[in-house]
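Notes to accompany the following structure.
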Amino acid sequence: CRHCVRGRGKSQAHRQLDAEQSHDVPHVSFYYVFLGQENEKALPIVLIRDHPTGITYSHAVPCKGTSGSPYPAKQVAHSIKQLGYSKIVFKSDNEPAILDLRRAVCQILRSEHGMQVIEEESPVADHQANGVVENANGQFGGMARTLNDHLISNYNWTPPTQHPIYAWLINYSSFLLSRFQIGVDGKTAWQRLKGKSYKKPILMFAEHVLYLPVRTTEQKKNKLQPKWKDGIFLGFKESSNELFIGTDSGVFKASQIKR
């Protein structure tokens, strides 16, 4: 009634969040999205959304399905493992390529990580499931476009869609969303998952930095060589404090940076 709505009514976003958090088994959805420069072949991306927390992962992949590379299945499984669940409902649509990838991911999660996985397909009429998907897609697309616009403006250069830098931009887009976008409950996805705010300093994507490389035990120190090197920031390693730095010679891990 009118009085119930005025006194106790919640927005649709609140009701959806409450519904997702009330599941006995957490739901995780994944699906393909595509981004690309105008008049260029779009880049396939796997987008993963954890329903209870809103944590999002995004990965550019070389192909749809699993026939072209083992990377997509391994990367999706690794991301889902980061959520810390022992049992999930793993959802996707019924596109053959995504079903093929889902089977491969499930095999890895079960055999290598001992996770219980219940596979489920989202019907077209399932507005709640599709709402989560559409919401994640809209948020991710907005962040990716924002980072891309800054990249183009900062360097006065528009990379082609297949340029390797977009794999890093796509990954960093979901990294930022998960840690800093505040939901209707006043929390970020990171807070819902970890119980605390993300406090580490961040950088602008592709920002020029001086970095201190992570050295292996086999590498010998050269006393005359500078300790700090030039590079551009590409992102963080999910499971540690290490940073990824791009250089003319490739991508390297860094333990520290100076702006």
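If you read the sequence from its start, that first residue is 1, and numbering goes on from there.
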Specify the closest pair of heavy atoms between Pro52 and Pro26, including all atoms of both residues, with the distance to one decimal. CG-CB, 3.8 Å
Is the His163 to Trp168 ring centre distance short of 6.0 Å? no
Leu169 versus Ala144, closest heavy-atom pair with distance: CD2-O, 3.7 Å
I'd like to check Glu95 versus Lys64 (side-chain heavy atoms, cut-off strictly below 4.5 Å). Are they in contact? yes
Is there a continuous path of hydrophobic side-chain contacts, each under 4.5 Å between heavy atoms, that joins Leu203 to Leu210? no
Quick check: closest heavy atoms across Leu35 and Thr161, and the distance to 0.1 Å? O-CG2, 3.8 Å
Polar contact flag, side-chain donor to acceptor under 3.5 angstrom, Arg102-Ser92: yes
Return the NE2 to CD distance between His59 and Gln75, rounded to the nearest 0.5 Å. 4.0 Å
Would you say CD of Gln107 has more than 12 non-hydrogen atoms from neighbouring residues, nucleotides or ligands within 6.0 angstrom? no
Does His150 have any ring pair (Phe, Tyr, Trp, His ring centres under 6.0 Å) partners at least two apart in sequence or in another chain, and if so, which? none
Taking side-chain contact (heavy atoms from CB on, under 4.5 Å) as the criterion, tell me which of Leu47, Ile98, Asp93 meets it with Phe30. Ile98
Check the side chains of Tyr57 and Asn171 for a donor-acceptor pair under 3.5 angstrom, ignoring hydrogens and angles. no
Full working for side-chain hydrogen bond (donor to acceptor under 3.5 Å, both in side chains) between Ser58 and Ser174: CA-CA 6 Å; Ser58 50; Ser174 57; 2.7 Å; yes
In terms of heavy-atom contacts, Cys106 and Phe90 come closest through SG-CD2, 3.6 Å
Quick one about Ser29 and Arg49 (side-chain donor to acceptor, distance below 3.5 Å, no hydrogens or angles considered), yes or no? no
Report yes if some heavy atom in the side chain of Tyr198 is under 4.5 Å from a heavy atom in the side chain of Leu176; otherwise report no. no
Is the shortest heavy-atom distance from the side chain of Gln116 to the side chain of Ser86 under 4.5 Å? no
Taking the six-membered ring for Trp, are Trp228 and Tyr211 ring centroids under 6.0 Å apart? no
hydrophobic_cluster_shared for Trp157 and Ile170, side chain cutoff 4.5 Å: yes
Applying a strict under-4.5 Å side-chain criterion to I, L, V, M, F, W and Y, I'd like to know whether Ile108 and Leu101 cluster together. no
I need the full list of side-chain hydrogen bond (donor to acceptor under 3.5 Å, both in side chains) pairs touching residues 250-259, with sequence neighbours left out, sorted by first then second residue. Glu207-Arg259
Taking only residues two or more places apart in sequence or in another chain, which ones pass ring pair (Phe, Tyr, Trp, His ring centres under 6.0 Å) with Phe236? Phe175, Phe233
Note: Pro213 and Lys229 closest approach over all heavy atoms is CG-CD, 4.1 Å
Shortest non-hydrogen contact between Leu151 and Pro159, atoms and distance: CD2-CG, 3.9 Å
Can you confirm whether the side chains of Asp149 and Thr146 place a donor and an acceptor under 3.5 Å from each other? no
Find out whether Ile45 and Val61 are in side-chain contact, i.e. whether some heavy atom of one side chain is under 4.5 Å from a heavy atom of the other. no
Among Ile165, Val209, Thr247, find the one that has a side-chain contact (heavy atoms from CB on, under 4.5 Å) with Ile232. Ile165
So, do Val89 and Lys91 sit near enough that their side-chain heavy atoms are less than 4.5 Å apart? yes
Examine Met204 and Tyr155 and state if one hydrophobic cluster contains both, with Ile, Leu, Val, Met, Phe, Trp and Tyr joined whenever side-chain heavy atoms are less than 4.5 Å apart. no
Flag yes if Ile152 and Leu147 sit in one hydrophobic cluster, no otherwise; membership is Ile, Leu, Val, Met, Phe, Trp, Tyr, and two members link when side-chain heavy atoms are under 4.5 Å apart. no
